[in-house]
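Everything on this sheet refers to the single structure shown next.
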Amino acid sequence: MSADVPSSALFAPKLVTVLREGYGLAAFRADAIAGLTVAIVALPLSMAIAIASGTGPERGLFTAIVGGFLISALGGSRFQVGGPAGAFIVLVAACVERNGVDGMLLATFLAGIFLTAAGALRLGTFIKFIPYPVTVGFTSGIAVIIFASQLKDLLGLTLDGKEPGPFVAKLEALAPALDTINPAAVALAAGVIGLILGLKRLRPHWPGMLIAVAVASVAAGLFALPVETIGSRFGGIPSMLPAPRLPDISWTKIQAILPDAVAFALLGAIESLLSAVVADGMTGRRHRSNCELVAQGIANIGAALFGGVCATGTIARTATNVRAGARSPVAGMLHSAFLLGFMLLAAPLAAYIPLAALAGVLAMVAWNMAEKHEFATLLRSSRGDATVLLATFLLTVFRDLTEGIVVGFALGAALFIYRMSTASGVEERVPLVPGDRPDTADPRTPYDPALATDRHVVVYRLSGAFFFGTASTVGAVLDRIADERKAFVIDVSAVPFVDSTAATVIAGIGRKAARHGVRVFVTGAVPAVRHALLRAGARRPHVRYMPHIEDAVRVAHALAGQSDRDSTA
């Protein structure tokens, strides 16, 4: 375990590792292209998330620039990209409503201290193993709340008073205002959503969100549409970073915002480590979870000093980074530099962005966050999983996100203990929770940038007993990474045990992929794992089994070539 590993190895940023290995011009060129790609995606998203969180759009950019740079420069993942995340919208908005922006900044600052301490105490090894039904439940709950928070701007509604934060109270306030619907705002929002969906299908490599927001802004200006813009509500955004300053600190304020700070830290740890797990699966690398937590903590302290909101690693931007061919943390650092350049040069143009357009962007974010297929699969898989899922989801939507996570985790832990007490297929001497460790020789195929950017095939590697956090990331990978590929390879050569829930997830992925014309291959399955997958329904024609990744990639390319020839015949 990691207790025998020196701290200098565990907490050395991956940037240091990359520089020691040798970093050349070709790698820098690849990182620059990936960083620019991610920055284009992050630009509208950062502003939209900040506005939905009850702050100004500039605070989202400050977070992506400062927090994102520190996460990449100091983190334990080669490919992690950080910034404001949609999952924080609910928590940040509630904190701002109760304690104001100054209180939110102090909560972010304290959350950074908590995250740094958690990493120093080596708690990162365990935080990422959150029960799968809990991650699906609170992610889907957050998606519902995010969508509800955008109804006002999506429809251009006019309210007599302030919009309430709680879900039920919000709907009760919006219902009487339905007669104030603004057709121009509805048209812009619908156009943004339609354009994003169309570009994703027809031109998946184009920055759909940025293009849609730009088109909506031009349309609103050309036709003088009566819609609210960033300029009319916020007066635009500044063209430079503010000077850093400490949040106002007092014992009374600390007591008031302490629950928010703990919630920020808990959700930040979960989000960032799950994102790092996704990057590991896509590349075959292994992140240093405790180093990553320390970097997340420092990034949140830095974001608070510059007036930003909470920063964390984000799955969508990290996956985009890998797909764009990133080689090292330099790509994430360049993403922040490009965002700073955009802000310095194009800040005045942001004033013309309609809020309905950004609401359309966040509506798409909410739709992508809602793990619809996984939700339905868990409801059918077992009574225990369904109970944990529904408890987490309902508490998140109707009560509080932190309460949903805590109750869901307690129920999930009890369910897991029961299942493990009755399981007999776990390999001896294989730890259920692998320890943190520095880079060492890995028996699996190392990261190959050419494979990661393959236009036909996505390879995702699982490691360790497959029952917790990684289960949710596989579904996310299929939705957000393999959407325009023709084959999805899941390597389980380093998986000694698969429980019924995880096996059901793989079977569901096979069925969903078949509907989208994506072929699913499972490689390296030991007999016990293969038997569990087959029992759950992961079988032909939806799932094919191959001994090695290379075999699956070769067959996938042959089938893709045959498909291309048939389509042109």
Side-chain donor or acceptor of T108 paired with backbone N/O of M104 under 3.5 Å | yes

Examine distances only and state if a side-chain atom of T116 and a backbone atom of L293 form a donor-acceptor pair shorter than 3.5 Å.
-> no

S272 OG to H287 NE2 distance, which is reported to the nearest 0.5 Å = 8.0 Å

Nearest-0.5 Å distance that lies between atom CG in L45 and atom CE in M364 | 11.5 Å

Heavy-atom donor-acceptor pair, S140 side chain to G137 backbone, under 3.5 Å | no

Just by modelled atom types, is the A120 backbone N or O under 3.5 Å from a matching donor or acceptor in the N290 side chain?
-> no

Parallel, tilted or perpendicular: ring planes of F264 versus F88, cut at 30 and 60 degrees = perpendicular

Do other residues, nucleotides or ligands put more than 12 heavy atoms under 6.0 Å from F306 CZ?
-> yes

Give a yes or no answer on whether the side chain of N321 reaches the backbone of F79 with a donor-acceptor pair at less than 3.5 Å.
-> yes

Under 3.5 Å: donor-acceptor pair, side chain of T396, backbone of G141 | no

Do any N or O atoms from the side chain of N300 and from the backbone of C310 form a donor-acceptor pair under 3.5 angstrom?
-> no

Note, F338 side chain near V38 side chain (heavy atom, < 4.5 Å) | no

Would you confirm whether T318, through its side chain, and Q80, through its main-chain N or O, come within 3.5 Å as a donor-acceptor pair?
-> no

L61 versus F342: any side-chain heavy-atom pair under 4.5 Å?
-> no

Okay, side chain of K14, backbone of E292: is any donor-acceptor separation there less than 3.5 Å?
-> no

With P44 as partner, the option from L362, V213, I49 fulfilling side-chain contact (heavy atoms from CB on, under 4.5 Å) is V213

Answer whether the closest heavy-atom distance between the side chains of V365 and M209 falls below 4.5 Å.
-> yes

For V330, does its backbone N or O pair with a side-chain atom of S328 as donor and acceptor, under 3.5 Å?
-> yes

